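Shown next, in structure tokens, is the structure this report addresses.
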Amino acid sequence: MKFRPLAVTAAAGLLASLLTACGEVTGSDAPAVVVGTTDTFTLSKGSPAPLDPAAAYDVTSWNVMRNAFQTLLRMPRSGTRPVRDAAESCGFTDAQNEQYRCTLRKDLTFSNGHKLDARDVEFSIARTLRIRFANGPASLLSGISKVKATSDREIVFQLRKPDATFPFKIATPAASIVDEQSYPENGLAKGFKTVGSGPFTLEVDADAGKTVFTRNPDYKGGLKVRSEKVELRSFRDSGAMEKALRAGDIDVMNRTISPKQVDRLESAPEDNISLVQQPGQEIRYLVFNTDDETAGRLAVRRAMAKVIDRESLVRDVYERTAEPLYSLVPSGVPGHRNSFFNKYGEAGTDSARRTLRNAGLVPPVKVELAYTTDHYGSVTAKEFRQLKKQLEDSGLFAVEMRGLPWDTYRTDALKGKYQIYGYGWFPDFPDADNYIAPFFERNNFLNTPYVSSEIRNKVIPQTRQKTDRIRTEAGFARAQDIVADEVPVLPLWQGKQYIAARDDITGAEWALNSSSVLQLWELGRNADS
């Protein structure tokens, strides 16, 4: 077993790609690279169109959509500034960052042979904003007041307010370009059919738990596709997925890899599988329904912030695969500030007890914790048992727990049906804005009743005026301090990223971006292995 942290292998992987590209197995007869995942696609009332860009807003769907659709811009292999994809050029046309103009590459086509022009871009963006699906990504594009195709190749965006983060937003799958002739104007394209212009075409067999990506010969963009076919295969759990990797039935193992599997894959004697570790920007946190009779009490939220021991949580549940998190903005993102630690210090019960009693609350306070059983991995249940134990061992809380399937969970969470519940966040783009605005803007991702006028009306607008993102750190520090003081959400941990691959597979070092989204075009097979 080889263990390859990205810091060591990134440069080596780049060099290898330059030196051994001729040794990769390519051509229509090349065997598919098979990638395992515990993610699944289901059609339901809450998820009627899992691969429609107007509806999909989760890492499972985006893992597929990134590979099938083009956006004007995309995030680069390394670095934090978007680069061109469907666009030949893009940029702000005014000093206020309120108008943004892009020119498309020449001769773009969709996978069905239809021509792709600026009117398709206008249609795609306007459609997502018009549909405004409840669980969808429209909030990412809500700063657009007008989008207009001014010619076959030119598209102009007029923004409601200055927004230096706009290039990041149109580099996400929320801004995927769809064929105007293939997608309904006012409704969702139900099912799994996709018509895009990305590096792959795809076919989903949900019953078999299989999605097949085939290289799109008409793709025109900046990506190099290293395999003719990639198959994404779903497993019932990570144990079955690991077994398939060791047996050679799959070539790559992605999410979710449990902490115990990380330990096994690092220490196992086989030398034909490598584990790649990367810094991660995924976070987990608790959300409080501030309209609830109990969770709406500030003293309850502050007492929980004081009692929960993140160090023990990540040690006992996640071992070395996660780190304690004391802010919504994780470490590694400019603007990060340990606001919760600065305010509450080490976990303890004495000050938490005083906080409750000063508010007239007599322990133990009854609370309910809800979590999803099938979306963030099997370890989630253990995490919430540990949270329950910590809270009840303090003598300050009596905890009821509810575990629910994701399809029900995410819909009911938006309706405010849970008192306190757990959520994860995979960033849309690597900027502190994406850890603040989605939670506290109007029409926010959580549909939370909590409002901070200062964050919403001052911090977010002011930081979005600054093209130099380093100059936003003071504003985001203030936002993080407000969150720590009022505790509408309680950050718990940030994760590391892992991907395991057999040694004849190339590109595993590049297959995950900072948002944990799979970049399947990076995966290839080495003919010399």
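All figures in this text were calculated on a predicted structure; none of them were measured in a lab.
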message = Salt bridge or not between Glu441 and Arg464? Use side-chain N to carboxylate O under 4.0 Å.
response = yes
inquiry  = Looking at Glu242 and Arg246, is there a salt bridge between them, counting it only when a charged N and a carboxylate O are closer than 4.0 Å?
reply    = yes
query = Hey, do the aromatic rings of Phe439 and Tyr285 have their centres closer than 6.0 Å?
reply = yes
ask   = Do Tyr57 and Trp62 have ring centres separated by under 6.0 Å?
value = yes
ask   = Minimum heavy-atom separation for Val329 to Leu325, with atom names?
value = O-CD1, 4.2 Å
key: Test item: side-chain donor near acceptor, Asn526 and Asp504, under 3.5 Å   = no
message = With salt bridge (charged side-chain N to carboxylate O under 4.0 Å, His left out) as the rule and sequence neighbours excluded, what pairs involving residues 164-174 come up?
response = Asp163-Lys169
key: Sub-4.5 Å side-chain heavy-atom contact between Arg226 and Glu522   = yes
ask   = Is the backbone of Leu518 close enough, under 3.5 Å, to the side chain of Asn67 for a donor and an acceptor to pair up by distance?
value = yes
message = My understanding is that only residues two or more places apart in sequence, or in another chain, count here; which of them pass side chain to side chain contact (heavy atoms under 4.5 Å, CB included) with Asp316?
response = Ser312, Gln386
query = Is the Trp406 ring parallel, tilted or perpendicular to the Tyr376 ring (thresholds 30°, 60°)?
reply = perpendicular
task = Using modelled atom types only, decide if a donor and an acceptor are shared between the side chain of Asn338 and the backbone of Tyr326 within a distance under 3.5 Å.
result = no
ask   = Does one side chain, of Asn112 or Ser182, offer a donor that lies under 3.5 Å from an acceptor on the other?
value = yes
request  = Report yes or no: do Tyr421 and Asp412 form a side-chain donor-acceptor pair below 3.5 Å?
outcome  = no
remark   = One should read off an interatomic distance between Thr38 OG1 and Met253 CE, to the nearest 0.5 angstrom, of 8.5 Å
ask   = Does a donor on one side chain and an acceptor on the other come within less than 3.5 Å for Ser331 and Gln494?
value = yes
query = Does Thr37 reach the main-chain N or O of Arg255 with its side chain, forming a donor-acceptor pair under 3.5 Å?
reply = yes
request  = For Tyr318 and Glu383, run side-chain hydrogen bond (donor to acceptor under 3.5 Å, both in side chains): C-alpha distance rounded to whole Å, both residues' side-chain angles, the deciding distance at 0.1 Å, then the answer.
outcome  = CA-CA 8 Å; Tyr318 289 97; Glu383 175 185 354; 2.5 Å; yes
request  = Would you please classify the geometry between the Tyr100 ring and the Phe166 ring as parallel, tilted or perpendicular, with 30° and 60° separating the classes?
outcome  = perpendicular
key: Nearest-0.5 Å distance that lies between atom CD1 in Ile125 and atom CG in Leu72   = 7.0 Å
ask   = With a 4.0 Å cut-off, would you call Arg215 and Glu228 a salt bridge?
value = yes
task = Determine, stepwise, if the pair Gln70 / Ser176 fulfils side-chain hydrogen bond (donor to acceptor under 3.5 Å, both in side chains).
result = CA-CA 6 Å; Gln70 270 190 298; Ser176 295; over 6 Å; no
ask   = Can any side-chain N or O of Gln497 pair as donor or acceptor with the backbone N or O of Gln281 at less than 3.5 Å?
value = no
Phe200 vs Tyr219, ring-ring contact (aromatic ring centres under 6.0 Å, His included): CA-CA, chis, key distance, verdict = CA-CA 8 Å; Phe200 292 102; Tyr219 167 71; 9.0 Å; no
task = Before accepting this row, confirm whether a basic side-chain N of the pair Arg337/Glu473 lies closer than 4.0 Å to the acidic partner's carboxylate O.
result = no
message = Quick one: does any side-chain atom of Arg74 pair with a main-chain N or O of Thr71 as donor and acceptor, under 3.5 Å?
response = no
query = Where do Thr467 and Asn97 land on the side-chain hydrogen bond (donor to acceptor under 3.5 Å, both in side chains) test, with the steps shown first?
reply = CA-CA 8 Å; Thr467 304; Asn97 296 334; 3.0 Å; yes
ask   = At what distance, to the nearest 0.5 angstrom, does OG1 of Thr380 lie from CZ of Arg284?
value = 5.0 Å
query = Mind checking whether Trp521 and Phe213 have ring centres under 6.0 Å apart?
reply = no
inquiry  = Please report the interatomic distance OG1(Thr211) to CD(Glu203), rounded to the nearest 0.5 Å.
reply    = 9.5 Å
task = Would you please indicate if the ring centroids of Phe476 and Tyr435 are separated by under 6.0 Å?
result = no
Gap separating the CD1 atom of Ile436 from the OG1 atom of Thr463, nearest 0.5 angstrom = 9.0 Å
task = State, without any angle test, whether Lys229 and Thr214 hold a side-chain donor-acceptor pair at a distance under 3.5 Å.
result = yes
task = Apply side-chain hydrogen bond (donor to acceptor under 3.5 Å, both in side chains) to Ser61 and Asn63, showing your working.
result = CA-CA 5 Å; Ser61 296; Asn63 272 340; over 6 Å; no
query = Does the Ser124 side chain pair with the main chain of Val178, one donor and one acceptor, at a distance under 3.5 Å?
reply = yes
ask   = When you check the gap from the basic side-chain N to the acidic O, do Asp39 and Arg233 get nearer than 4.0 Å?
value = no
ask   = Roughly how far, to the nearest 0.5 Å, is CG of Asp407 from NE2 of His375?
value = 11.0 Å
